[in-house]
Amino acid sequence: MLIFAVTGMGGVGKTALALEAAHRARAQDWFPGGTLFVDLRGYDDDPVTADQAVVALLDALGVRDEELPPTTDRQYDAYRALLAERRNRMLLLLDNASDPAQYVPLLPGTDHHRVIITSRDRPDALPVRLIDLETLTPDESVALLTRALHDTDERDSRPGREPGALRELTCLCSNLPLALQIAAGMLRRRRHRDIASLVTAIRDAGDATTVLDGGSTGTDLYGRSLVLRPVLETSYRRLPPDEARLLRLLCLAPSAETGTEAISALVGLDTECVVSLLEDLAARHLVTPVRADNGTATAARWRVHDLVRMFGAGEVAGAAELREEGEAARERVLNFYVRWADAADDRLRWLPGMKEPERFGDRGQALAWLDLERTSLVGAVGWGREPRFADTAAQLAVCLGEYLEWRRYFADWIAVTEAAREAARLAEHGVNEADVLSHLGNALWAVGRAVEAIDAHSRARDLYQATGNRHGEAMAWNNLGIALQEANRMEEAIDAHSQAIDLYQETKKRQGEAGALNNLGIALRAAGRTVEAIDAHSRARDLYQATGDRHGEATAWNNLGVALRGEAQVQMAIEAYGKSLAIYREFESWYGEGQTLTNLALLHKAAHHTAKAHAAWLQAADAYNRANAPAEAAQARSSAADLDA
């Protein structure tokens, strides 16, 4: 006997798949003895027991009325005897089981027949062949909705007219077949309205289950319920208390995918206990394990389906005691993120002589953790719009600035700093608004919004001055100078960088002084004062070397090379670029490498070294690609192609 178990979350299409498989098998005469089907209603309030089901199965086999054995034991005996006597193979489909006790007594006592079980829970206690169903891919979801509309009316042109709205609708349905089926039904009834109108309704409601359940017809052709929330409720209500608590708290996490450590902080339990509970929830298809890239069997992260997240968050919001439990959980995980983001930021900024940060032994480890947690970290900063989390979220935002700039995640950087600015205004103590304004100004500058960046840095400078924070004021002057350069206000930029240098010298912040000198050199060069620029970059390089800031040194070497090229000191410029490249590659600073290679290509082109210029531009394109800078990569490739023309 071969037993197949089709498992997956509620609404993923287990029954539909099993029925379709049964129909196709019958059509090909795989089961000449016929098919037996019983809906065990395992997640209803009154599930069908095995004793009830065996009576229905005997009835389907022709045993009824006075022929039905009077006792349960004899009914099972008769059932198994009939199956054993059947020479023609049969298919037994036991649908919607929630407990092995519902179906184990119904399994044939022979290996001649085949069995399909559908369940939201994995039947790990039995030797069955498992078929775990996942949600559809976005393309599959689009195809399903398109086919559903065209099957009703082949003239329905909405899928072709509104591909963007159609794809957004599938996303709002979280690619869950049940939700897509309900959405298709609503679109059929709303045939005179566009797809975008349904998308807008769901977005305005903020909860897909509310809109879809409100527009559902109730049942499908098989009499199955076409509603989302009861499907989720029945799964949740059957959970033991500790699993139910973990699930609803996990639904409050800042992103759909969360690391095991963060979940431990969220629920306030040790990792071993949390992993055990998560494995139980995964067996019920309420969470999905995400394996580590290193090939280990242990899940590093766990994903919650979007519709489950909406349901869980709604459960928490609906009861005062659960709301307080949820707020405390969010506070714990936010503190967890701040602790390790701060340590990672310390590692990214670490220089010889500084205290060794916690946990992260090198930059690679810090970047790897930040890359893995980025979505959650950015989402957690958004909590700062609530007074309870404002101070901690603002701290987290400041910890992320260096990383987001390094990885060039500028959209995230702006979102984080704007959220943090609101948080800083709400915070009772801790990070002040000037720090956040400085980060916001840098993010705005990075995306070319110079006027807004100048405004942000000017206000940061004024706030630092008002509080007597000389080091903060120096930083603000330096950042302001960079933004002024972007606006082509070079004389003002030179003055701003000079102010910064004076303040850094006053506060004995040599690394900050090096950065201000480097930026001063860029402004001087843009103003045509190349000789002064060479001096500024040389002094910056020496200070970076003295403080052990290798990455800063690479930047100074690159800028020095540009200034030397302006004075026709070609060989010295090539040597400077070479030193810059060596350090950037050591740090895997791909964007910096791309900039230096671009400058080297320009130098070779001016010297009519076409082959060298071509090679440098292609290398620059590769570096820019790795740095998440597609526009710069395309420009480098175009420059290389122009040499071939």
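As the structure is a computational prediction, the values presented were derived from the model and not from experiment.
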Side chains of Asp371 and Tyr403: is there a donor and an acceptor less than 3.5 Å apart?
yes
Taking atom types as modelled, find out whether Asp132 and His285 have a side-chain donor-acceptor pair closer than 3.5 angstrom.
yes
Between the side chains of Trp302 and Thr260, does any donor sit under 3.5 Å from an acceptor?
yes
Looking at Tyr544, is Arg550 sitting on its ring face, NZ or CZ under 6.0 Å from the six-membered ring centre and within 45 degrees of the normal?
no
Do the side chains of Leu252 and Arg248 get nearer than 4.5 Å, heavy atoms only?
no
Can you tell if the side chain of Glu358 reaches within under 4.5 Å of the side chain of Arg347, non-hydrogen atoms only?
no
Cation-aromatic face contact Arg359/Trp340, 6.0 Å, 45 degrees:
yes
Closest contact, heavy atoms only, Asn559 versus Arg525:
O-NH1, 3.7 Å
Geometric class of the Trp383/Phe389 ring pair [parallel <30°, tilted 30-60°, perpendicular >60°]:
tilted
What I'd like to find out is whether the side chain of Ser376 reaches to under 4.5 Å of the side chain of Glu373, using heavy atoms alone.
yes
Could you verify whether a donor N or O on one side chain and an acceptor N or O on the other, from Tyr591 and Glu632, lie under 3.5 Å apart?
yes
Are a donor atom and an acceptor atom from the side chains of His497 and Gln485 found within less than 3.5 Å of each other?
yes
Could you label the plane-to-plane angle of the Tyr337 and Trp369 rings as parallel, tilted or perpendicular, counting under 30° as parallel and over 60° as perpendicular?
tilted
Could you check, using the six-membered ring where one of them is a Trp, whether Trp406 and His551 have ring centers closer than 6.0 angstrom?
yes
